[in-house]
Amino acid sequence: MGARRRGLLAVLALTVVVAAPAGAAPTTPGSQLTAGQGAIGVRLLDAPVSAGKDPRARLYIVDHLAPGTVIHRRIEVSSTVTGRTQGLLYPAAAVITSGSFQGADGHTPNELSSWTSVAPGRFDLAAGGRMATTVTVAIPRDASPGERYAVVWAETRSPTAKGGGVVAVSRVGIRLYLSVGPGGAPAADFKIESLAAQRSTTGFPVVVARVRNTGGRALDLGGTMSLKDGPGGLRAGPFNARLGTTLAIGASDAVTIALDERLPAGPWDARLTLRSGLVTHTAAATITFPAKGAAAPVGTGFPWRTWLYAAVGLLVLLLSLVVLRAARGRRRRVGAARSPA
């Protein structure tokens, strides 16, 4: 499991955290933060060869490990900030809550962060500079089974003014999703339970999908929605689902898809495809956008028009078979009548 592959990029959402006093709120780790005239970025350089087809393993440190296992993953820190930039690299706790992966403030520990170390733990970069550092995770032999979460922060601080004052702290990080247990990794899976057509406060059409994590791993969901068979036979899309929805094991949350304001109300046959890593599911429903507020959620499946078309197609096929069989019987009777006695 310690096998690695080089050159994999971590492209995550932009995150800027300014946290002067201790106890600031947790934040979603991102791969880049703006710091004055430039930015500090982090990316993952290594991933398990066994997870080569899993896009999540190219973004985050994702693995399933037996107790007693030690792994090493390299990450890169880069700077485009004018002048030199100095900072710290360290692990901290993380949780998944309300559909979001949240890294804890500062050096807040948890079980996984206590198993994790970063060396070197400091960076000193000129503008345009970059450096690689190694994240080591050592699973104790007596570790209990289960999935755990943490984050590796790259942190910079503003200079302290004379006489004290507030210090601006900025952090950007890479997520860790680590499952512990014997054998293979628990299967990841989810179910799209319903779709609801809504209007935003500004009048834009929005679809909200209710998704439940039915597997044994946390999920990072993304995907697209297409609309067809709208008024006058209109089609629209695909529209991207809002990224950043993370579902804990057993959790249910909403995935939002913002649509074009010019869309008529409907009805529409909506088809949503969501994926997390190698797991992909598609759901369909017939929806109509209300004048305002939210319509009742619609259970997913195939829209009634799809069932109608399928039934008509099946009926046509059956009738064709009956006509063909009757024609063959007629030809046999005619042939028999023409045969000499």
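For the numbers below, each heavy atom of this structure counts, side chains included, while hydrogens, waters and symmetry mates do not.
Distance check, rounded to the nearest 0.5 Å: CG of Leu195 to CG of Leu272 gives 6.0 Å. Note that CD1 of Ile174 is 11.0 Å distant from CH2 of Trp153, once rounded to the nearest 0.5 Å. With rounding to the nearest 0.5 Å, the separation of CZ in Phe190 from CZ in Arg275 is 8.5 Å. Taking CG of Leu219 as the reference point, atom OG1 of Thr214 lies at 8.0 Å (rounded to 0.5 Å). A distance of 10.5 Å separates CH2 of Trp268 from CZ of Arg235, quoted to the nearest 0.5 Å.
Classification of Arg212 and Glu193 as a salt-bridged pair holds, one side-chain N sitting under 4.0 Å from a carboxylate O.
With hydrogens and angles ignored, the 3.5 Å screen pairs a side-chain donor or acceptor of Thr116 with a backbone N or O of Leu112. Proximity of a side-chain donor or acceptor of Arg56 to a complementary backbone N or O of Ser276 within less than 3.5 Å is not detected. Under a 3.5 Å cut-off, the side chain of His281 and the backbone N or O of Asp189 do not form any donor-acceptor pair.
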Side chains of residues 238-248: which donor-acceptor partners sit under 3.5 Å, not counting sequence neighbours?
unit_1 : atom_1 : unit_2 : atom_2 : d
Thr246 : OG1    : Arg175 : NH1    : 3.4
Thr246 : OG1    : Asp220 : OD1    : 2.6

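Side-chain contact between Val81 and Ile40: present, with at least one pair of heavy atoms (C-beta onward) separated by less than 4.5 Å. In this structure the side chain of Val180 reaches within 4.5 angstrom of the side chain of Arg148, judged on heavy atoms.
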Give the C-alpha distance, both sets of side-chain angles, the deciding distance and a yes or no for salt bridge (charged side-chain N to carboxylate O under 4.0 Å, His left out) between Asp46 and Arg74.
CA-CA 6 Å; Asp46 299 332; Arg74 293 181 309 128; 3.2 Å; yes
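With 3.5 Å as the limit, one finds no donor-acceptor pair spanning the side chains of Ser98 and Ser100. Residues Thr224 and Thr273 bring no donor and acceptor atom of their side chains to less than 3.5 Å of each other. For the residue pair Arg73 / Tyr60, no side-chain donor-acceptor distance below 3.5 Å is found, with atom types taken as modelled.
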